Amino acid sequence: QPKGLKYYYKNYFPVGVAVSAADLKDPGEVALILSQFNSLTPENAMKMGPIHPEENRYNWKDADSIVAFAQAHGLKVRGHNLCWHEQAPTWLFKDSLGNLVTKEVLLKRLKDHITTVVNRYKGKIYAWDVVNEAIDDDSTKFLRNSLWYQICGDDFITKAFEYAHEADPNAMLFYNDYNTERPEKRERVYRLLKQLVDAGVAVNGVGIQAHWSVYEPGQKDLVETIKKFASLGLKVQVTELDISIYPWEKNQRSLRPGESEVYTADLERKQIEKYAEVFKIFRQYREVITGVTFWNISDRNTWLDNYPVHGRKNYPLLFDQKLQPKKAWWKVVDF
Ligand SMILES: OC[C@H]1CNC[C@@H](O)[C@@H]1O[C@@H]1O[C@H](CO)[C@@H](O[C@@H]2O[C@H](CO)[C@@H](O[C@@H]3O[C@H](CO)[C@@H](O)[C@H](O)[C@H]3O)[C@H](O)[C@H]2O)[C@H](O)[C@H]1O
């Protein structure tokens, strides 16, 4: 078994992977995780909906099993995430009559949730994605018009960091988002981060999700993003890395009947180059980059098989469907 990614990058940053509790029951995936990675992120188990399905009921099972596995094998854990507009439980924003709750009620519910979840894993989770994806996709807008925003204005962001810091003053607290290499999105994320830093909010870092493709981002945009966020004194982590073989453009179409999945040698070559390119930049900025996490383990099972086109196979990771290292892996460890 070749040495794993974590060995090659031991003098750079932890190399992590997003997992489900089910992944940890598969002997092949467990062997791959333990040989390659030294950090885990729960893909879904610690999100508000899955872990807190009813106001007075928490569902700790999957999250506990992932943390217990990490503890048993000396792996770091990134918590994901404490405040998001997606996968939020139905009870959260509504009162018993189905009306939207007041700002006071929602902030109290957020505080209870964050205090309870962060305290349960205190000392076992070193970093939390506190707020996820609060910037609107429309470049003419600033904050996403989510129910969080409609009910609390932008206070929910500051409060979420305040509650998380109170619950675990030693945890690294991150704002996490995607498309942060696109200049218009970078500027708006920077604006939010600067507001938080200037207000003395306990934000320690920014998570760039890195759901990239063989076509983007360009090196210049990636470097500019890392430097811009680091200029605020923040750490940068790559939190959800995968490199799709399809371009991230609007109106993606599904495959036409008979049209085979198109993982051509040319696309794999582009993917190998893109992986080599971004890891070279991560190494160059090792002072700022404090972690790189892949979103899913292998091409065997990736969320990109069902997004944005349901049932369209993708090959975005460094391990193939047989859990074997792909050519891109050898390039990433060749330095
Ligand atoms: O969207 C990709 C990234 C983007 N950044 C934030 C990050 O958190 C996000 O991760 C993805 O976040 C997605 C939700 O937005 C997750 O998708 C959810 O993943 C869940 C667990 O598999 C699914 O829930 C299961 O759904 C099944 C039927 O639909 C039900 O039978 C299961 O009980 C239920 O658990 C949800 O439908 C599905 O929407 C993906 O696995 C997960 O990879």
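Just so you know, these numbers come straight off a predicted model, no measurement behind them. First listed ligand is number 1; within each ligand, the first listed atom is number 1. This chain uses plain numbering: 1 for the first residue, then up along the sequence.
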Exercise. Taking only residues at least two apart or on different chains, which pairs with a member in residues 217-237 satisfy salt bridge (Lys or Arg N to Asp or Glu O under 4.0 Å)?
Worked result: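 For residues 217-237, and leaving out neighbouring residues, the salt bridge (Lys or Arg N to Asp or Glu O under 4.0 Å) pairs sorted by first residue read Arg186-Asp221, Glu187-Lys228.
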Exercise. Out of Asp129, Asn176, Thr41, which residue meets the side-chain hydrogen bond (donor to acceptor under 3.5 Å, both in side chains) rule with Arg78?
Worked result: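 For Arg78, the side-chain hydrogen bond (donor to acceptor under 3.5 Å, both in side chains) test succeeds with only one of Asp129, Asn176, Thr41, which is Asp129.
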For this session: Scan Lys47, Gln87, Gln209 and name whichever one has a side-chain hydrogen bond (donor to acceptor under 3.5 Å, both in side chains) with Asn132.
Result: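 That would be Gln209; it is the only one of Lys47, Gln87, Gln209 passing the side-chain hydrogen bond (donor to acceptor under 3.5 Å, both in side chains) with Asn132.
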Exercise. Under a 4.0 Å heavy-atom cut-off, which residues neighbour ligand 1?
Worked result: Glu43, Asn44, Lys47, His80, Trp84, Glu86, Gln87, Asn132, Glu133, Gln209, His211, Glu240, Trp295, Trp303
For this session: Applying salt bridge (charged side-chain N to carboxylate O under 4.0 Å, His left out), run through Glu162 and Lys159 and close with a yes or a no.
Result: CA-CA 5 Å; Glu162 188 187 302; Lys159 289 294 180 190; 3.5 Å; yes
Problem set entry | Salt-bridge present (Glu166, Lys111; N to O < 4.0 Å) | yes
For this session: Check the angle between the aromatic planes of Trp148 and Phe156 and answer parallel, tilted or perpendicular using the 30° and 60° thresholds.
Result: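 Because their plane-to-plane angle is under 30°, the rings of Trp148 and Phe156 count as parallel.
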